[in-house]
Amino acid sequence: MRIMSSGVCVLILGMGLMLPSGMVQGQTINHQLEPYLKSGELPAVAAAVVVQGVLTEYGAVGTRKMGADIPVTIHDKFHLGSDGKAMTATIAGMMIEEGKLKWDSTLGEVFPELKASMAPGVAKVTLEQLLSHTSGMRADDENLMDLLKNSVDIEGNLDELRYWIVKESVKLPLVAEPTKAWAYNNRGYTIAGAMIERVSGKSWDELIVERIFEPFGLTTAGLGTQSTLGKIDAPLGHVKQKDGKVKSYMAGPQADNSLILGPAGTLHLSILDFATWAGWNAGNGMRAPCNIVSPQMVEKIHTPVFTIKGENRPGTPPDGKYAHGWGWVTVDWAPYPLLYHGGSNGKNLAQVWIDKKKDIAIVIMTNISNPKADDTLREIAKELYQGATAGY
């Protein structure tokens, strides 16, 4: 059953990704995913397809740790990386619809006490510019790395540490005129998260749980490394070293980015929960849960702001257009641009592909990150998309 664009969010019984018994609906695609483990040199890979709100295909193959026989399952938690940016943008949308923020709310308005210390032009940087990577602020450079290292000496909770990042960052001169240039900017998303924290009175970490994880029923979702300390209870992140050997990372300080960067992407969840989130976006927010943001806000979040070129780091958008935590890309296996984002913390990789015209969402995750893995996930996306659209 197709949901028409009436602008009304509706609940369709039986459209959820889990059957009442707790069994997973749809067909397993493990046999399709298996060959990619070898061709892509992947420890593990998981994928799922949602068509018009219904989980049609899913699978998870490989091992949690390269060289070990610890099979992954479809319930295993993989790292989401920057694909969590869309969730931050959605929370910002909530704040806007509640009248606490506006797309053009500025840093000077939200943090008036810092205005005197802001470098020229910084006070006028807007929420939308931060969410679209067009703020002109310094991005993921040595200064940000130094701030994150020095944060261990700063007392406070994560929201207080983000505010400290804001205080230090607004002193820095802009490197480009806002809206005139695009630069992938995790610092910017962290600052946007701090704006949300200021107007909501809650930490971003609380909000992501209360406003996203719980309403969507994302029971596997959490913050930080997907595995727990001392256990291989989830797919470990991997890195291919210069000598060609693959190193796995147990939970610990080096296994993920700093939790201060939460709004930019320090989330994990299972492929099925990822599919739930992606399927809701594919339907433009017109399926349950209905109390998130309006379909009009979802459309705004998906609306392109800037045309980007030459970005090719694993986990960041390639050439195309960038919206707010989402990109639009053209591929040779789709008849028109698809809504897309990639996520990586350097040790894991996730991709989400959405055809909004046909209401199809494809999610893919692996526990290693490098260009070859990125290309492999794209090959999987192509195969799954062609299968999902064969009947159209």
Does any non-hydrogen side-chain atom of Ile292 lie less than 4.5 Å from one of Thr90? yes
Within the side chain of Glu34, is there an N or O that forms a donor-acceptor pair under 3.5 Å with the backbone of His31? no
Minimum heavy-atom separation for Met297 and Ile96, please, with both atom names. CE-CG2, 3.8 Å
What verdict does the side chain to side chain donor-acceptor pair (under 3.5 Å) test give for Gln226 and Asp233, after you've listed the backbone C-alpha separation in whole Å, the side-chain angles of each residue and the deciding distance to 0.1 Å? CA-CA 8 Å; Gln226 58 268 41; Asp233 54 357; over 6 Å; no
Looking at Arg198 and Glu113, does any basic side-chain N land under 4.0 Å from a carboxylate oxygen? yes
Residue pair Asp273 / Gly217: nearest heavy atoms and the distance that separates them: OD1-O, 3.9 Å
If only side-chain N and O atoms count, and only distance matters, is there a donor-acceptor pair under 3.5 Å linking Ser82 with Tyr184? yes
Side-chain heavy atoms under 4.5 angstrom apart, residues restricted to Ile, Leu, Val, Met, Phe, Trp, Tyr: same cluster for Met195 and Trp164? no
Test side chain to side chain contact (heavy atoms under 4.5 Å, CB included) on Leu174 and Val125 and set out the steps. CA-CA 10 Å; Leu174 296 176; Val125 167; 4.2 Å; yes
As a quick check of understanding, evaluate side chain to side chain contact (heavy atoms under 4.5 Å, CB included) for Leu158 and Glu197, giving each step before the final call. CA-CA 10 Å; Leu158 284 171; Glu197 290 173 330; 5.7 Å; no
Counting heavy atoms not belonging to Gln241, are there more than 12 under 6.0 Å from its CD? yes
Please check if atom NZ in Lys372 has more than 12 non-hydrogen atoms from other residues, nucleotides or ligands closer than 6.0 Å. yes
Is it true that the NZ or CZ of Arg211 lies under 6.0 Å from the centre of Phe216's six-membered ring and within 45 degrees of the ring axis? no
Could you walk me through whether His302 and Asn281 pass the side chain to side chain donor-acceptor pair (under 3.5 Å) check? CA-CA 9 Å; His302 292 171; Asn281 276 277; 2.9 Å; yes
Quiz question: by atom type and distance under 3.5 Å, do the side chains of Lys347 and Asn367 form a donor-acceptor pair? no
With no hydrogens and no angle check, do the side chains of Tyr58 and Gln25 hold a donor and an acceptor under 3.5 Å apart? no
Would you confirm whether Arg162, through its side chain, and Ala194, through its main-chain N or O, come within 3.5 Å as a donor-acceptor pair? no
Mark yes or no for whether Thr220, through its side chain, and Lys77, through its backbone, hold a donor-acceptor pair below 3.5 Å. no
Hey, any chance Leu339 and Val293 share a hydrophobic cluster, counting ILVMFWY side chains that come within less than 4.5 Å of each other, even indirectly? yes
Would you check if Asn284 and Gln296 make a side-chain contact, meaning some heavy-atom pair closer than 4.5 Å? no
Close aromatic pair by centroid cut-off 6.0 Å: His324 and Trp103: yes
Under 3.5 Å, side chain of Asn30 to main-chain N/O of Ala60, donor-acceptor pair present? yes
Is a salt bridge present between Lys38 and Glu41, judged by a nitrogen-to-oxygen distance below 4.0 Å? no
Hydrophobic clusters here meaning ILVMFWY residues chained together by side-chain heavy-atom distances under 4.5 Å, can you tell me if Leu148 and Met137 are in one? no
Would Glu109 and Lys124 satisfy salt bridge (Lys or Arg N to Asp or Glu O under 4.0 Å), going step by step from the backbone distance to the final call? CA-CA 8 Å; Glu109 291 169 343; Lys124 294 182 179 180; over 6 Å; no
Is the NZ or CZ atom of Lys321 both under 6.0 Å from the centre of the six-membered ring of Phe306 and within 45° of that ring's axis? no
Indicate yes or no for a side-chain donor-acceptor contact from His79 to the backbone of Leu349 under 3.5 Å, with no hydrogens or angles considered. no
Trp328 and Tyr322: side chain to side chain contact (heavy atoms under 4.5 Å, CB included), yes or no, with the steps? CA-CA 6 Å; Trp328 288 90; Tyr322 200 84; over 6 Å; no
In short, Met118 meets Ala123 closest at the heavy-atom pair SD-CA, 3.4 Å
Would you say the side chain of Ile271 lies within less than 4.5 Å of the side chain of Phe78, judging by non-hydrogen atoms? no
Test salt bridge (Lys or Arg N to Asp or Glu O under 4.0 Å) applied to Asp140 and Arg187, step by step: CA-CA 6 Å; Asp140 305 344; Arg187 183 202 302 263; over 6 Å; no
Report the residue from Val51, Val50, Leu384 that forms a side-chain contact (heavy atoms from CB on, under 4.5 Å) with Glu57. Leu384
Sidechain-backbone polar pair: Arg64 side chain, Val72 backbone, donor-acceptor under 3.5 Å: no
Should we count CD of Gln386 as having more than 12 external heavy atoms under 6.0 Å? yes
Indicate yes or no for a side-chain donor-acceptor contact from Thr134 to the backbone of Leu130 under 3.5 Å, with no hydrogens or angles considered. no
Examine distances only and state if a side-chain atom of Thr126 and a backbone atom of Ser105 form a donor-acceptor pair shorter than 3.5 Å. no
Say whether Thr88 and Trp204, considering side chains only, have a donor N or O and an acceptor N or O under 3.5 Å apart. yes
cation_pi(Lys247, Tyr249) dist<6.0 Å, angle<=45: yes
State, with a plain yes or no, whether a side-chain heavy atom of His133 is found less than 4.5 Å away from one of Val305. no
For Asp256 and Asn345, which I'm curious about, is there any donor-acceptor pair between the side chains at under 3.5 Å? yes
Crowded around Gln254 CD? As in, over 12 foreign heavy atoms under 6.0 Å? no
Report the C-alpha distance between Asp146 and Asn143 in whole Å, list the side-chain angles of each, state the deciding distance to 0.1 Å, and finish with yes or no for side chain to side chain donor-acceptor pair (under 3.5 Å). CA-CA 5 Å; Asp146 287 342; Asn143 170 265; 5.9 Å; no
Pairwise side-chain contact, Lys202 with Glu210, heavy-atom cut-off 4.5 Å (strictly under): yes
Quick check: is Leu269 connected to Ile91 through a chain of hydrophobic side chains (ILVMFWY, heavy atoms under 4.5 Å apart)? yes
Exercise: do Thr376 and Glu379 side chains pair donor with acceptor under 3.5 Å: no
Within the supplied structure, the quantity of interest is the number of heavy atoms (other residues, nucleotides, ligands) at a distance under 6.0 Å from Glu142 CD; does it exceed 12? no
Under 3.5 Å, is there a donor-acceptor pair between the side chain of Thr366 and the main chain of Ala44? yes
Indicate yes or no: at least one non-hydrogen side-chain atom of Val298 is less than 4.5 angstrom from one of Trp280. yes
Do Trp353 and Tyr385 have their ring centres less than 6.0 Å from each other? no
Any carboxylate oxygen within less than 4.0 angstrom of a Lys/Arg side-chain nitrogen, looking at Glu299 and Lys356? yes
Verify side chain to side chain donor-acceptor pair (under 3.5 Å) between Ser227 and Thr225, making sure each step is shown before the conclusion. CA-CA 6 Å; Ser227 63; Thr225 54; 4.8 Å; no
How about Asp374 and Gln351: does a side-chain donor come under 3.5 Å of a side-chain acceptor? yes
Determine whether a donor-acceptor pair (N or O, by modelled atom type, separation under 3.5 Å) exists between the side chain of His268 and the backbone of Thr266. no
Minimum side-chain heavy-atom gap Tyr340-Val352 below 4.5 Å: no
So do Met87 and Phe213 actually touch side chain to side chain, heavy atoms under 4.5 Å? yes
Establish, from distance only, whether the side-chain atoms of Thr56 and Gln27 form a donor-acceptor pair under 3.5 Å. no
